[in-house]
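Basis for what follows: all heavy atoms, side chains included, without hydrogens, waters or symmetry-related copies.
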Amino acid sequence: MSKMQKIIEYGFKHTRKEYMDDKDAAIKYLEERSIEDDEAYRIPKRIYHTKVESKYLFDCQMIVFNEVETTEHTVIYLHGGAYVNEIVPPHIVFCDKIAKKTNATVFAPIYPLAPNHTYEETYRIVENLYKFALEIDKPITIIGDSAGGGLSAAFCEYLASNGFEQPEHLILISPWVDVSMSGDYDDYMECDPALGVEVREFGKIWAGDLDIKDYRISPLFGDVSQLPKTTLFVGTHEIIYPDIIKFYDKLKSSDIDVKLFVGEGMTHVYPIYPLVPESREAFNQIVEIILG
C-alpha cells in the first residue's frame with residue numbers, strides 16, 4: 001500500500017459518518033435530507049482538460065464533458081453516494097480525465113436522490129439517456145462507482161430484460177450489488193474505514209415499493225446471463241468485497257467476458273482517488289478497456 005493510500009485511509013477513518021454503523025443515525029440523516037430542497041449542481045471551478053457543461057436533458061441536470069463531433073466514444077457515468085449523496089468533485093475530475101484520455105463524450109446525470117425520490121425516476125432518466133447514446137452511434141461504455149456501480153449493473157440487467165442492446169463495456173468500481181447487505185461481513189467490518197452495514201437504510205428508501213433484493217436495486221440477485229463485457233474494481237479493505245466477489249463468480253459461471261481487478265489493501269472506490277499510485281494504475285486500465 002502506497003503512502004498516499006495510507007493517508008486516504010486515515011482520512012476516511014477520521015471523517016466516517018455515524019450513519020454507517022448506527023440505524024437511528026441513518027434514519028435521522030434521511031429525515032434531515034428529506035427537508036432539503038433539490039438544488040442545481042454547480043460545477044467546481046478549476047482548470048479542466050475538456051469542455052465541461054451543465055445541461056438539462058430528459059428532465060434531469062446533466063454534466064457533459066467533451067461534447068464535440070470528433071469524439072470516438074460515448075460514456076455514461078453514474079456516480080456513487082449511497083443513493084442519498086450528491087456527486088462530488090473527484091467524480092467530476094475523473095470524468096474529465098476519462099473524456100480526455102479516450103476522446104469520449106461523457107454524460108454524468110445528476111439523478112434524483114432518496115429519500116424524496118426512488119429508483120423509478122432515475123431509471124426513466126438513464127433509459128432515455130441510453131437511447132440518446134444509441135442514436136449517437138459510437139461505442140458506449142457505462143461506468144459507475146459504489147451505488148452508481150450497482151445502478152449500472154442493474155440497469156444493464158434491465159436492458160437485457162427489456163430487449164435493448166447492451167453497451168460495449170460495463171465498468172464497475174466498488175459496485176453496491178447487494179443493497180440489502182445480507183451477506184457475512186464480519187471479516188471486513190474492521191478493515192473498511194468508509195462503509196458500514198446500516199447504509200442499507202438508504203437503500204430501502206431508494207427501492208420504493210420494490211423488494212430491496214429485486215434485481216433493479218440489488219443486481220447480485222438478477223439474471224446476469226446477457227451482460228456485456230464487464231470489468232470490476234474492488235479493494236480488499238471494503239465491507240462489500242465479498243458481495244463483489246460473489247457477483248464476479250456469478251458472471252464467470254454465466255460465461256460473461258468479465259475481468260476482476262483487486263486492489264490489495266485498497267479502500268472503497270479507490271480508482272477515482274487523486275494522487276494515489278494504485279489509482280493511476282486502475283485509471284490507465286479503465287482507459288485501455290474503453291479504447292478496446
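Looking at V93, I92, V52 one by one, the single match for side-chain contact (heavy atoms from CB on, under 4.5 Å) with R46 turns out to be V93.
No side-chain donor from either of D187 and Y241 sits under 3.5 Å from a side-chain acceptor of the other. Under the 3.5 Å distance criterion, with hydrogens and angles disregarded, a donor-acceptor pair is assigned to the side chains of H268 and S146. Counted by atom type alone, Y83 and T118 present zero donor-acceptor pairs between their side chains at under 3.5 Å. There is a side-chain donor-acceptor pair under 3.5 Å between D178 and S182. With 3.5 Å as the limit, one finds a donor-acceptor pair spanning the side chains of T71 and T105.
In E36, the CD atom is crowded: over 12 heavy atoms of neighbouring residues, nucleotides or ligands sit closer than 6.0 Å. In E86, the CD atom is crowded: over 12 heavy atoms of neighbouring residues, nucleotides or ligands sit closer than 6.0 Å. Residue K100 places its NZ atom among 12 or fewer non-hydrogen atoms of other residues, nucleotides or ligands, all under 6.0 Å distant. For E190, the CD atom sits in a loose shell: 12 or fewer heavy atoms of surrounding residues, nucleotides or ligands are nearer than 6.0 Å.
Of the possible polar contacts, one joining the S218 side chain to the I212 backbone as a donor-acceptor pair under 3.5 Å is found. Within the 3.5 Å criterion, the main-chain N or O of L220 finds a donor-acceptor partner in the side chain of K250. Of the possible donor and acceptor atoms, none in the side chain of D96 sits under 3.5 Å from a partner among the backbone N and O of Y48. Looking at D243, its side chain never comes within 3.5 Å of a backbone N or O of V177 through a donor-acceptor pair. Side-chain atoms of D145 never come within 3.5 Å of backbone atoms of G148 as a donor-acceptor pair (strictly under, hydrogens ignored). Under the 3.5 Å distance criterion, the side-chain polar atoms of N103 are matched with a main-chain donor or acceptor of T70.
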Could you give me the CA-CA distance, side-chain angles and deciding distance for K204 and E201, then say whether salt bridge (charged side-chain N to carboxylate O under 4.0 Å, His left out) is met? CA-CA 5 Å; K204 292 176 184 178; E201 294 301 316; 3.1 Å; yes

Show, in sequence, the C-alpha distance, side-chain angles and deciding distance for R16 and D21, and conclude whether the salt bridge (charged side-chain N to carboxylate O under 4.0 Å, His left out) test is met. CA-CA 9 Å; R16 186 182 178 94; D21 309 297; 2.8 Å; yes

Between S2 and V276, does a side chain to side chain contact (heavy atoms under 4.5 Å, CB included) hold up when you go through it step by step? CA-CA 7 Å; S2 67; V276 177; 4.0 Å; yes

Start with the C-alpha distance between F202 and Y29, add both sets of side-chain angles, then the distance that settles ring pair (Phe, Tyr, Trp, His ring centres under 6.0 Å), and finish with yes or no. CA-CA 9 Å; F202 301 161; Y29 183 71; 5.8 Å; yes

Given side chain to side chain donor-acceptor pair (under 3.5 Å), test S161 with Y215 step by step and report yes or no. CA-CA 11 Å; S161 67; Y215 83 89; 3.0 Å; yes

Tell me, with the steps shown, if K97 and H49 meet side chain to side chain contact (heavy atoms under 4.5 Å, CB included). CA-CA 7 Å; K97 289 167 59 181; H49 299 287; 4.2 Å; yes

Apply side chain to side chain contact (heavy atoms under 4.5 Å, CB included) to V258 and K252, showing your working. CA-CA 7 Å; V258 58; K252 285 287 287 184; 3.5 Å; yes

Test side chain to side chain contact (heavy atoms under 4.5 Å, CB included) on I76 and T141 and set out the steps. CA-CA 6 Å; I76 295 173; T141 298; over 6 Å; no

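Once rounded to the nearest 0.5 Å, the distance linking OG of S54 with CD1 of I110 reads 7.5 Å. In this structure, F107 CZ and F65 CZ are separated by 11.0 Å, a value rounded to the nearest 0.5 Å. Rounded to the nearest 0.5 angstrom, D192 CG and T236 OG1 are separated by 10.0 Å. Between the OG1 atom of T50 and the CD atom of E67 there is a distance of 11.0 Å, given to the nearest 0.5 Å. Between M181 atom CE and R200 atom CZ the span is 7.0 Å, to the nearest 0.5 Å. How far CG of N162 is from CD of E157: 12.0 Å, rounded to the nearest 0.5 Å.
Y19 does not carry K28 over the face of its six-membered ring by the limits of under 6.0 Å from the centre and within 45° of the normal.
What you find for T230 and L172 is that their closest heavy atoms are CG2-CD1, 4.1 Å. Taking both residues in full, the closest heavy atoms of G265 and E9 are given as O-OE1, 3.7 Å, listed atom of the first, atom of the second, then distance. Here the closest heavy-atom approach between residue L260 and residue I245 is recorded as CD2-CD1, 3.7 Å. F58 and L129 get closest at one heavy-atom pair: CE1-CA, 3.7 Å. Across all their heavy atoms, A153 and L227 have their closest contact at O-CD2, 4.3 Å. Contact detail for A108 and C95: the closest heavy-atom pair is CB-SG, 4.4 Å.
Relative orientation of the F94 and Y77 rings is tilted, given thresholds of 30° and 60° on the angle between their planes. Aromatic ring orientation, H79 versus H91: tilted (interplanar angle from 30° to 60°).
Considering only heavy atoms from C-beta on, S152 comes within 4.5 Å of L170 through its side chain. Using a 4.5 Å cut-off on side-chain heavy atoms (C-beta onward), L113 and N85 make no contact. A 4.5 Å side-chain heavy-atom check between N128 and Y123 finds every atom pair outside the cut-off. Proximity of I87 to Y41: side-chain heavy atoms (C-beta onward) are separated by under 4.5 Å at one or more points. For the pair H169/P228, no side-chain contact is recorded, criterion being any heavy-atom separation below 4.5 Å from C-beta on. Two residues are said to be in side-chain contact when any heavy atoms from C-beta on lie closer than 4.5 Å; W206 and T122 meet this criterion. Within the 4.5 Å cutoff, no side-chain heavy atoms of S279 are placed close to those of P274. Counting heavy atoms from C-beta outward, I140 and E168 have side chains that stay 4.5 Å or more apart.
Both L195 and L78 sit in one connected hydrophobic cluster of ILVMFWY residues. Membership requires side-chain heavy atoms under 4.5 Å apart, directly or through other members. Cluster annotation: I240 and L151 are assigned to the same hydrophobic cluster (Ile/Leu/Val/Met/Phe/Trp/Tyr, side-chain heavy-atom contacts under 4.5 Å, transitive). At a threshold of 4.5 Å between side-chain heavy atoms, the hydrophobic network of Ile, Leu, Val, Met, Phe, Trp and Tyr places W176 and V126 in one connected group. Under the 4.5 Å side-chain heavy-atom criterion for Ile, Leu, Val, Met, Phe, Trp and Tyr, Y188 and F233 are members of distinct hydrophobic clusters. Both L251 and L159 are assigned to one and the same hydrophobic cluster, defined by single-linkage of ILVMFWY side chains at heavy-atom distances under 4.5 Å.
Salt bridge R33/E31: absent, no basic N to carboxylate O contact under 4.0 Å. Taking the charged nitrogens against the carboxylate oxygens, R216 and D214 do have a contact shorter than 4.0 Å, which makes a salt bridge. Comment: K131 engages E127 in a salt bridge, judged by a side-chain N to carboxylate O separation of less than 4.0 angstrom.
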